[in-house]
Amino acid sequence: MSGRGVRSIRGMNDILPGDASAWQTLERVCRETFAAYGYQPIRLPLLERTELFTRAVGEVTDIVEKEMYTFEDRGGDSVSLRPEGTAGCVRAGIEHGLLHNQVQRFWYAGPMFRYERPQKGRYRQFHQFGVEAYGLIGPDVDAEQIALCARLWRRLGLTGLRLEINSLGTVEERQDYRRELMAYFSDRVDELDEDSRRRLERNPMRILDSKNPEMRPVIAAAPAFEDSLGPESREHFDGLRARLDAMGIDYTVNPRLVRGLDYYTRTVFEWLTDQLGAQDAVCSGGRYDGLVDQLGGSPTPAVGFALGVERLVALIQDQGTAPDEVAPHAYLVHRGGDAGRDAMLLAETLRDALPHLRLHTHAGGGSFKSQFKRADRSGAALALVMGEEEAAQGVVQIKHLRVDQETEQVGRDELPDRLGRYLAGPGGNDEHKEQR
Ligand code: ATP
Ligand code: MG
């Protein structure tokens, strides 16, 4: 690239066709799985009033203190690129009267923006899929969302993901815990880093979320939340655990799991992997019963999670489990006489008959040899060959480019059936027939 070219912004990635297959697999499996649990799509703006996030995420959080892309628009309003999806979802739910005394299940997807230090698995523009359920108070829906996640991993063929859960109690119970933590950390100020000292007064629970390894010992010895849980929160947590046990979903209780946002109550959970280095969380969420009220709606219980698309795509690619959803199934090679015209007609007929067929028709002429080279490079499994002779006889040759199998000759009329059977068969890589 020339020195004068304009480069992309650090931490904001182009997602190129080479990565498209894993992205599309993840996106499709998410959409299908969310629908299987009754969640409906909601599409929300990328830009919101800054106040929404300071009120929802919390002022003393990494996100609001140092990660938001905030600026004044031309009308003088302070706006921010969304750092997460829940605040906007609640805002929209209140604004459109969707939450009052109703049960709603939504999912959203799209880019989020955080000014973080870019590294593997951590970017400034990254993508999430998120799920939110409103109006349901019991631990059944918490457990169901976790089961939904487990099903996602199964459908994606991913292994090695572990689940951690914790309970943060109610807002009131947190006040007690906060006092306890404040007392504990105040006695150990010299062991705290600068960030933690700053947090001590306003939000000592944030200290538990510190990513500084030097803070680990002092955090490990801090009082656990358990002791501050009231009977109802305890019952909720026990209810969650009983359901996870009944469904055979493994988990560990991590009493230090507090999550990076202020709005959580009771259940919090995180799915982790050992295969991505330091950026080990692929999906996290929990219950936020106070947030709707806090943003001006009538009190409504809520629970949700968000998954990090880039991290899951990396896992899908490392584990090599996704079907190819991008490479053409077939590359149509043609040359001589009426073959070019006939090939184009044939391609249209095939697309009519097989809407899922990914067919690349050669364009630009050239020898058979050069066309086969392109066919090979396209990643297609099959070459459909129409030369002068085939055109005259109304037939097509099917050449297998990836497996050692004899070339077949098929009449043009039979070709849609033959390809249909191929798509449904083991070599077809047909994404519509995968495991459940
Ligand atoms: P982390 O602890 O890794 O900073 P987080 O607790 O800030 O994550 P959430 O706000 O809960 O993350 O977002 C849900 C998911 O989004 C995370 O589990 C992660 O997979 C992904 N995610 C969060 N921040 C980033 C980022 N900067 N780049 C890529 N993915 C991210
Ligand atoms: Mg973070």
Side-chain angles (χ1 to χ4, degrees), residues 9-13 15 19 22-23 26 30 53 56-58 60-69 80-90 107-132 145-146 149 152-153 156 158 160-166 168 195 199 205-213 215-216 219 254 256-264 267-288 291 303-318:
I9 297 171
R10 210 159 94 83
M12 308 226 168
N13 302 318
I15 297 145
D19 291 322
W23 276 76
L26 178 60
C30 280
F53 302 115
V57 176
V60 193
T61 56
D62 277 346
I63 290 180
V64 168
E65 282 183 335
K66 46 192 186 194
E67 296 175 357
M68 281 213 293
Y69 282 85
S80 297
L81 283 168
R82 63 180 186 192
E84 56 97 61
T86 299
C89 194
V90 171
W107 68 263
Y108 62 82
M112 305 294 162
F113 303 85
R114 296 183 194 176
Y115 196 81
E116 300 200 68
R117 194 168 68 78
Q119 51 200 293
K120 184 174 181 277
R122 194 174 293 285
Y123 309 106
R124 290 180 174 172
Q125 173 174 322
F126 64 99
H127 295 74
Q128 290 184 337
F129 268 86
V131 153
E132 319 283 0
Q145 285 191 356
I146 289 173
C149 294
L152 273 179
W153 319 145
L156 292 165
L158 294 177
L161 289 164
R162 25 188 195 88
L163 171 64
E164 291 187 353
I165 62 172
N166 191 24
L168 302 179
D195 260 352
R199 281 169 183 185
M205 268 177 72
R206 287 267 67 77
I207 299 176
L208 300 180
D209 199 37
S210 166
K211 296 214 165 63
N212 181 354
M215 291 281 300
R216 258 176 224 152
I219 289 173
N254 173 1
R256 300 283 171 260
L257 184 63
V258 294
R259 312 282 308 103
L261 308 95
D262 266 1
Y263 50 59
Y264 288 108
T267 309
V268 287
F269 63 91
E270 197 152 73
W271 290 91
L272 303 154
T273 174
D274 296 327
Q275 291 160 50
L276 295 177
Q279 272 49 256
D280 58 354
V282 298
C283 173
S284 33
R287 182 163 277 282
Y288 52 99
L291 186 61
V303 54
F305 68 80
L307 57 83
V309 176
E310 281 80 357
R311 294 182 194 176
L312 281 163
V313 161
L315 275 188
I316 290 170
Q317 290 175 331
D318 289 353

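Position 1 is the first residue of the sequence, and the numbers go up from there. Just so you know, ligand 1 is whichever comes first in the structure, and atom 1 is the first atom listed for that ligand.
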(message) Looking at Arg206 and Glu65, is any side-chain nitrogen of the basic one under 4.0 Å from a carboxylate oxygen of the acidic one?
(response) no
(message) So if I count the atoms of ligand 1 from 1 in the order they appear, which ones are less than 4.0 Å from some heavy atom of Ser284?
(response) 9 (P), 11 (O), 14 (C), 17 (C), 18 (O)
(request) Considering the heavy atoms of Ala306, write down every atom of ligand 1 situated less than 4.0 Å from one of them. (result) 14 (C), 15 (C)
(message) Whether the side chain of Gln279 engages the backbone of Arg311 through a donor-acceptor N/O pair (distance < 3.5 Å, no angle test) should be reported.
(response) no
(message) Among Gly121, Ala281, Gly130, which one puts a heavy atom closest to atom 20 (O) of ligand 1?
(response) Ala281
(message) Which residues pass the side chain to side chain donor-acceptor pair (under 3.5 Å) test with Asn254, not counting sequence neighbours?
(response) Glu164
(request) Please say whether Glu116 places an N or O atom under 3.5 Å from an N or O atom belonging to ligand 1. (result) yes
(request) Consider ligand 1: state whether an atom of it lies below 4.0 angstrom from any non-hydrogen atom of Lys211. (result) yes
(message) Nearest non-hydrogen contact with atom 21 (C) of ligand 1 belongs to which option: Ala314, Cys283, Gly308?
(response) Gly308
(message) On a heavy-atom basis, I'd like to know which of His127, Arg122, Met112 is closest to atom 4 (O) of ligand 1.
(response) Arg122
(request) Take every heavy atom of Gln279, measure it against each atom of ligand 1, and state whether any distance is under 4.0 Å. (result) no
(request) Fit a plane to each ring of Trp271 and Trp153, take the angle between them on a 0 to 90° scale, and name the class: parallel (under 30°), tilted (30 to 60°) or perpendicular (over 60°). (result) perpendicular
(request) Before accepting this row, confirm whether a basic side-chain N of the pair Lys66/Asp195 lies closer than 4.0 Å to the acidic partner's carboxylate O. (result) yes
(request) Decide if atom OH of Tyr115 counts as having more than 12 heavy atoms of other residues, nucleotides or ligands within a radius under 6.0 Å. (result) no
(request) Look at atom 26 (C) of ligand 1 and find which of Phe129, Phe126, Phe305 reaches it with the closest heavy atom. (result) Phe126
(request) Determine, considering heavy atoms only, which of Gln128, Arg114, Glu84 sits nearest to atom 12 (O) of ligand 1. (result) Arg114
(request) Before accepting this row, confirm whether a basic side-chain N of the pair Asp62/Arg114 lies closer than 4.0 Å to the acidic partner's carboxylate O. (result) no
